[in-house]
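See below for the structure under consideration.
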Amino acid sequence: MKTFQVNEDGYYGEFGGAYIPEILYQCVEDLKKTYLKVLESDDFKKEFHQLLRDYVGRPSPLYHAQRLSEQYGCKIYLKREDLNHTGAHKINNTIGQILLARRMGKTRIIAETGAGQHGVATATVCALMNMECIVYMGKTDVERQHINVEKMKMLGATVHPVISGNMTLKDATNEAIRDWCCHPSDTYYIIGSTVGPHPYPDMVARLQSVISEEIKKQLLEKEGRDYPDYLMACVGGGSNAAGSIFHYLDDERVKIVLAEAGGLGIDTQMSAATIQLGKLGIIHGSRTLVMQDEDGQIQEPYSISAGLDYPGIGPIHANLASSKRASVLAINDSEALKAAFELTRLEGIIPALESAHALGALAKMQFKPTDIVVLTVSGRGDKDIETYLNNIPNA
Ligand SMILES: *Cc1c(COP(=O)(O)O)cnc(C)c1O
């Protein structure tokens, strides 16, 4: 049977693999040999699930959004990752990876961050575990995301502003990789999404798969069947989507709808719709779709939402899209904003701008009244209030 899970070589179809400098070969090889053993050990599982329960606040609710359902003529459940500690799904992954780092005897944690959300989630678990934490962040982003920088510092992390390139996420990632090359023996690199060289995409997907594990149980309880007709999520690098679909990847009864950031529109040069606009290339150690110019130079993506502003896409999702297992919609800034205000007024939930892209996809769908839709609200909107206030819709 065709499977959409990773193969032994770290590929999803033609996407994935580990394209890394020689000096990191041993690090990545060690990780590859260790991660499954650790993730599947009873000792890890016990500590991970205890922290997810008592520290993160899991299981996150599966909420039947009645007024939103009426609006779209189907039955919509929201998977409430916005209610997690630190306000999004990212903490599921950072907890898992720091537990792995400890078991591998590493003492120093590095991370890259764009908007600062992954940086804060990493700094949080480093405080919790009393580990040294260094976060690389483009200088442009340091200035744009002041509050997250202050949070990271308050949590005890060192934030390194990166001044190469456009001084954004891709440059921060390059710098983190450079650091890892210099300190391969004591340093663990916590990657924040289903990107990077194998085994990162699979590892992050597994750590986030607690989301779909819970959806199964919760749907069975509420609907008497453990699968929905549609799963919907936004994709930046792809981790909340991967977690939401993990246990349904090979279940063809479930239709997968992914929302990527259209920005000002996919033909405006101001977009982050990597699946629609990208071409096969290599980014951050992975063979995947990349937004690039004719010379193969990576193009700076644009989206109103900092968390979706990534010029690559996880190899899992590149494969789901190219094999048509998932349908991918580009949702523009204005459509995401409209959807965020709509959810706020219909359900009293202010979503993260990233999550608002998944919500924006609802208007492009044709549902039957009996359809059961599970949509992941990846995070809460507190961090985006300023953007919302600057974009209040005309009455
Ligand atoms: C970081 C972030 C995303 C995008 O990352 P994925 O890896 O694609 O999930 C989406 N939503 C929120 C709230 C985020 O913080």
Side-chain angles (χ1 to χ4, degrees), residues 56-92 117 211-212 214-223 228-236 240-241 243-245 255-259 261 304-305 307-308 329 331-395:
V56 176
R58 304 203 71 94
S60 66
L62 185 71
Y63 164 66
H64 175 207
Q66 230 155 332
R67 295 187 65 207
L68 191 70
S69 298
E70 272 166 37
Q71 177 80 4
Y72 290 103
C74 58
K75 192 163 187 185
I76 302 175
Y77 286 96
L78 301 177
K79 183 60 174 160
R80 300 288 310 275
E81 294 302 298
D82 57 312
L83 294 176
N84 293 342
H85 177 46
T86 68
H89 65 291
K90 288 201 170 71
I91 191 88
N92 304 326
Q117 296 301 111
I211 300 174
S212 57
E214 289 173 4
I215 292 173
K216 280 197 138 181
K217 279 197 205 121
Q218 291 167 322
L219 267 186
L220 186 61
E221 228 166 70
K222 291 175 199 290
E223 292 292 334
D229 298 295
Y230 290 89
L231 278 172
M232 300 177 69
C234 65
V235 270
N240 86 87
S244 304
I245 63 183
K255 298 178 206 68
I256 298 171
V257 180
L258 306 175
I304 193 169
S305 144
L308 301 183
L329 303 172
I331 305 302
N332 295 348
D333 290 358
S334 58
E335 295 165 326
L337 285 166
K338 185 163 176 247
F341 282 98
E342 180 183 76
L343 184 73
T344 303
R345 288 301 178 91
L346 286 179
E347 299 288 347
I349 298 170
I350 302 178
L353 259 169
E354 292 84 0
S355 321
H357 286 71
L359 293 157
L362 287 169
K364 308 205 161 180
M365 305 289 299
Q366 299 251 298
F367 295 116
K368 296 197 298 280
T370 52
D371 281 336
I372 294 173
V373 178
V374 172
L375 185 149
T376 298
V377 180
S378 54
R380 65 178 85 126
D382 303 36
K383 67 184 179 57
D384 300 312
I385 292 300
E386 213 157 320
T387 309
Y388 287 144
L389 292 182
N390 289 330
N391 290 280
I392 295 175
N394 304 328

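Source: prediction; values computed, not measured.
Between the side chain of Glu354 and the backbone N or O of Gly307 there is at least one donor-acceptor pair closer than 3.5 Å. Side-chain atoms of Asp82 never come within 3.5 Å of backbone atoms of Gly87 as a donor-acceptor pair (strictly under, hydrogens ignored). Between the side chain of Lys368 and the backbone N or O of Cys74 there is no donor-acceptor pair closer than 3.5 Å. Using modelled atom types, one side-chain atom of Ser355 and one backbone atom of Ser378 make a donor-acceptor pair closer than 3.5 Å. Side-chain atoms of Asn390 come within 3.5 Å of backbone N or O of Glu386 as a donor-acceptor pair. Remark: the backbone N or O of Leu337 is not paired with any side-chain donor or acceptor of Asn391 at under 3.5 angstrom.
Two residues are said to be in side-chain contact when any heavy atoms from C-beta on lie closer than 4.5 Å; Ile304 and Asp384 fail this criterion. A heavy-atom distance below 4.5 Å is not found between the side chains of Val235 and Leu308.
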- Task: Could you walk me through whether Val373 and Tyr72 pass the side-chain contact (heavy atoms from CB on, under 4.5 Å) test, one step at a time?
- Result: CA-CA 10 Å; Val373 178; Tyr72 290 103; over 6 Å; no
- Item | side-chain contact (heavy atoms from CB on, under 4.5 Å) assessment of Leu343 paired with Leu78 | CA-CA 11 Å; Leu343 184 73; Leu78 301 177; 3.9 Å; yes
- Any chance you could lay out the side-chain contact (heavy atoms from CB on, under 4.5 Å) test for Tyr230 and Asp371, step after step, and finish with the verdict? CA-CA 8 Å; Tyr230 290 89; Asp371 281 336; 3.5 Å; yes
- Evaluate side-chain contact (heavy atoms from CB on, under 4.5 Å) for Leu231 paired with Val257, printing each intermediate quantity in order. CA-CA 6 Å; Leu231 278 172; Val257 180; over 6 Å; no
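Annotation: the span from Ile372 atom CD1 to Glu223 atom CD amounts to 3.5 Å, rounded to 0.5 Å. In this structure, Leu258 CG and Leu329 CG are separated by 8.5 Å, a value rounded to the nearest 0.5 Å. Interatomic distance, Ser60 OG to Asn84 CG, rounded to the nearest 0.5 Å: 5.5 Å. With rounding to the nearest 0.5 Å, the separation of CG in Leu220 from NZ in Lys217 is 10.5 Å. The CG atom of Asn240 sits 8.0 Å away from atom NZ of Lys90, with the distance rounded to the nearest 0.5 Å. For the atom pair Glu342 CD and Thr344 OG1, the distance stands at 9.5 Å (nearest 0.5 Å).
Here the closest heavy-atom approach between residue Ile392 and residue Phe341 is recorded as CA-CZ, 3.9 Å. Annotation for Ala340 and Tyr388: closest pair CB-OH, 3.4 Å, computed over non-hydrogen atoms. Nearest heavy-atom pair, Ile331 versus Ala336, reported as atom, atom and distance to 0.1 Å: CG2-N, 3.9 Å. Nearest heavy-atom pair, Glu214 versus Pro59, reported as atom, atom and distance to 0.1 Å: OE2-CA, 3.2 Å.
Residues Lys75 and Glu70 are not paired through a salt bridge, judged by the lack of any N-O separation under 4.0 Å between the basic side chain and the carboxylate. Ion pairing between a basic and an acidic side chain is recognised when a charged N comes within 4.0 Å of a carboxylate O; Arg58 and Glu81 show such pairing. Taking 4.0 Å as the cut-off between side-chain N and carboxylate O, Glu347 and Arg67 do not count as a salt-bridged pair.
Residue Lys255 qualifies as enclosed at atom NZ: its count of foreign heavy atoms under 6.0 Å is above 12. With a 6.0 Å radius and a threshold of 12 heavy atoms from other residues, nucleotides or ligands, Ile350 has its CD1 atom at or below the threshold.
Classified by interplanar angle (parallel below 30°, tilted 30° to 60°, perpendicular above 60°), the ring pair His64/Tyr77 is tilted.
Side-chain contact of Lys79 with Ser244: a donor-acceptor pair under 3.5 Å is absent, judged by distance alone.
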In residues 357-366, what donor-acceptor pairs under 3.5 Å come from side-chain atoms, sequence neighbours left out?
residue : atom : partner : partner atom : Å
His357  : ND1  : Leu353  : O            : 2.8
Lys364  : NZ   : Glu335  : OE1          : 3.4
Lys364  : NZ   : Glu335  : OE2          : 3.1

